[in-house]
Amino acid sequence: MHDIRKIVHDPKGFDSSLERRGIDPLSSVLLEIDQNRRNAIAAVEQLRAERNTASRSAGEARANGDHETFERLRGTAARMREEIARFEANLQEEEQRLRSLLLEIPNTAYDDVPDGADEDDNVEVRRWGDRREFSFAPKEHHELECCRAGMDFELAARLSGARFVVLIGAVARIHRALGQFMLDRQTTRNGYTETNPPVLVLEDTMIGTGQLPKFAEDSYQTNDGHWLIPTSEVSMTNYVSNQILDGDRLPLRLTAHTLCFRSEAGAAGRDTAGMLRQHQFEKVEMVSVTTPEDSLAELDRMTACAEDILETLELPYRTVILCTGDMGFGASRTHDIEVWLPGQNTYREISSCSVCDDFQARRMNARFRRTPGARPEFVHTLNGSGLAIGRCLIAVLENGQQEDGSVRLPAALGDWLDGCSTLTADGQLA
RNA sequence: GGAGACGUGGCCGAGUGGUUGAAGGCGCUCCCCUGCUAAGGGAGUAGACGGUUUGUCCCGUCUCGAGGGUUCGAAUCCCUUCGUCUCCGCCA
């Protein structure tokens with residue numbers, strides 16, 4: 001959420017930053033609502049002040065036994081009540097209007113984020129790893145011989161419909177090993193604190209990180225009003241909602257391995273083959289909470305922690321900085337990491353690391369004090385995948401595939417696979 | 001799910017209609033004293049919003065889990081709701 005005072009102070013600057021994200025100017029509308037709101041505040045507060053004075057004097061008069069004055073002042077204050085209520089209702093309306101409009105405006109991008117309309121305008125910043133030369137035509141993961149028994153899409157469709165998969169046997173175990181490996185790596189090497197958050201959250205929690213109110217159709221809601229998290233960024237970032245943290249607690253670095261749930265409402269027909277895009281998937285997520293001055297460096301650090309997973313698994317990737325048109329709602333700068341998928345002959349997103357400056361912090365009222373007694377300031381929040389586990393499984397399978405239908409597994413997974421290094425063509429670990 | 005109790009400032013803890021944004025204690029900040037440490041003395045110490053201003057000075061409004069109500073006036077009374085604790089039931 002944007003600071004209305006900042007918009008008032010520099011409406012043109014605000015509009016031009018919106019323009020970079022392809023959004024029409026809003027400052028004049030916002031300024032008008034805000035002026036109405038301020039007028040309403042002034043009106044209400046003046047009336048309340050008068051009422052309070054009369055009421056206080058009434059109390060004094062009664063204490064002094066001056067019944068005539070008491071009755072007169074009581075009448076005065078009583079008559080004001082209706083008027084105050086009317087002005088209060090008006091104020092509430094203006095505040096609602098402003099808030100609901102502000103809640104639907106995306107974050108603005110940092111100056112150095114490249115302008116652009118869509119993913120074609122993203123800018124590659126680095127590549128890592130050698131893409132294998134295949135002596136045969138590499139297959140997509142769901143076509144691999146070793147996955148015939150280990151990935152059952154028909155079974156999943158029978159149980160749950162489209163965009164689900166049942167992993168079985170060694171494939172399920174490799175998937176689990178990947179999750180364990182990532183979580184252990186983020187905690188023991190990369191300095192994140194492991195947490196195990198709820199995957200069902202309240203509406204306010206979803207508003208805090210920006211999924212609501214605008215993107216309700218992208219997530220699932222339960223019959224008692226809870227929401228299923230589309231990413232544990234939602235749960236973990238909100239650990240600091242409505243808190244005033246001591247400055248020495250920052251940076252806060254959190255990680256979790258959870259299920260994530262997405263309706264994929266806008267993705268009908270896309271990525272329907274295989275398990276690239278599912279309604280339910282697992283992800284190890286990183287969240288950082290920092291001071292404003294540290295957040296950009298933290299973004300680089302977080303990106304490196306995500307890249308570290310791919311490098312340790314020996315998976316080629318490239319890192320891109322998203323252009324203004326491709327960025328998510330709450331981000332002010334985003335680094336996507338795309339892993340090489342030889343079966344698709346392309347790089348596909350496997351991690352997205354974003355800094356949201358104080359955009360989420362304002363929504364969830366997350367603040368800190370630099371020193372004891374100092375004024376509270378909004379924190380900066382960051383989130384990033386470290387990594388998407390299902391997609392990482394795909395990458396491991398496609399990059400390690402052999403002509404005979406088996407897969408050579410990354411050595412780094414050995415500790416979680418009893419030292420096994422191969423998924424055989426008939427779906428066994430060896 | 002049933003019965004009961006409770007939710008006050010960073011923490012503990014007073015406060016059952018009136019000048020209480022809130023006693024007292026602890027903690028914290030600053031100052032004084034003490035050769036160090038410990039102890040002692042003094043002052044200060046919630047947040048949001050608005051006015052004013054970019055001076056953290058002043059004025060006003062709101063907030064005692066949240067929302068609503070009664071009243072001239074509510075932390076104090078009533079209703080709803082959320083959460084915590086105890087007992088019972090059920091259950092992974």
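The base of B:rU19 lies close enough to the side chain of A:Glu60 for a donor and an acceptor atom to sit less than 3.5 Å apart.
Annotation: B:rG25 and B:rG41 have their P atoms spaced 11 Å apart (nearest Å). Comparing the same atom, C1', in B:rU8 and in B:rC49 gives a spacing of 22 Å after rounding to whole Å. To the nearest whole angstrom, the two P atoms, one in B:rU53 and one in B:rU84, are 48 Å apart. On the C1' atoms, B:rC12 is 33 Å away from B:rG69, given to the nearest whole Å. Nucleotides B:rC31 and B:rG24 have their C1' atoms positioned 24 Å apart, rounded to a whole Å. Between B:rU80 and B:rA5, the distance separating the two P atoms is 14 Å to the nearest Å. A gap of 30 Å separates the P atoms of B:rG4 and B:rU63, to the nearest Å. Between B:rG13 and B:rU19, the two C1' atoms lie 24 Å apart (nearest whole Å).
Taking the side chain of A:Ile41 as heavy atoms from C-beta on, and the options B:rC49, B:rC72, B:rC62, the nearest nucleotide is B:rC49. The side chain of A:Ala78 lies closest to B:rC72 when the candidates are B:rC49, B:rU61, B:rC72. Taking only side-chain atoms of A:Arg81, from C-beta outward, the nucleotide of B:rG68, B:rU70, B:rC49 with the closest atom is B:rU70. Among the nucleotides B:rG18, B:rA48, B:rG50, the one closest to the side chain of A:Arg367 is B:rA48.
Side-chain rings of A:His380 and A:Phe359 stay apart, their centers remaining 6.0 Å or farther from each other.
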side-chain contact (heavy atoms from CB on, under 4.5 Å) between A:Leu178 and A:Leu313, worked out: CA-CA 9 Å; A:Leu178 280 167; A:Leu313 294 173; 3.8 Å; yes

A:Ser288 and A:Met302: CA distance, side-chain angles, deciding distance, side-chain contact (heavy atoms from CB on, under 4.5 Å) verdict: CA-CA 8 Å; A:Ser288 293; A:Met302 180 178 276; 3.5 Å; yes

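The side chain of A:Arg38 contributes an N or O atom lying less than 4.0 Å from OP1 or OP2 of B:rG51. The shortest distance between the side-chain N/O atoms of A:Arg375 and the OP1/OP2 oxygens of B:rA46 is not below 4.0 Å. For A:Arg72 and B:rC72, the shortest distance from a side-chain N or O to OP1 or OP2 is not below 4.0 Å. For A:Arg369, no side-chain nitrogen or oxygen approaches OP1 or OP2 of B:rG10 to under 4.0 Å. Distances shorter than 4.0 Å separate some side-chain N or O of A:Asn52 from OP1 or OP2 on B:rC62.
In terms of heavy-atom proximity, A:Asn36 sits nearest to A:Arg97 at ND2-NH1, 4.4 Å.
Salt-bridge annotation for A:Arg148 and A:Asp426: absent, with no side-chain N of the basic residue lying under 4.0 Å from a carboxylate O of the acidic one.
Counting non-hydrogen atoms under 4.0 angstrom, A:Arg48 reaches the backbone sugars and phosphates but no base.
Separating the CG atom of A:Asn39 from the P atom of B:rU61 is a distance of 19 Å, rounded to the nearest angstrom. Between the CD atom of A:Glu45 and the C1' atom of B:rG60 there is a distance of 6 Å, given to the nearest Å.
The stretch residues 38-47 of chain A participates, sequence neighbours left out, in these salt bridge (Lys or Arg N to Asp or Glu O under 4.0 Å) pairs: A:Asp34-A:Arg38.
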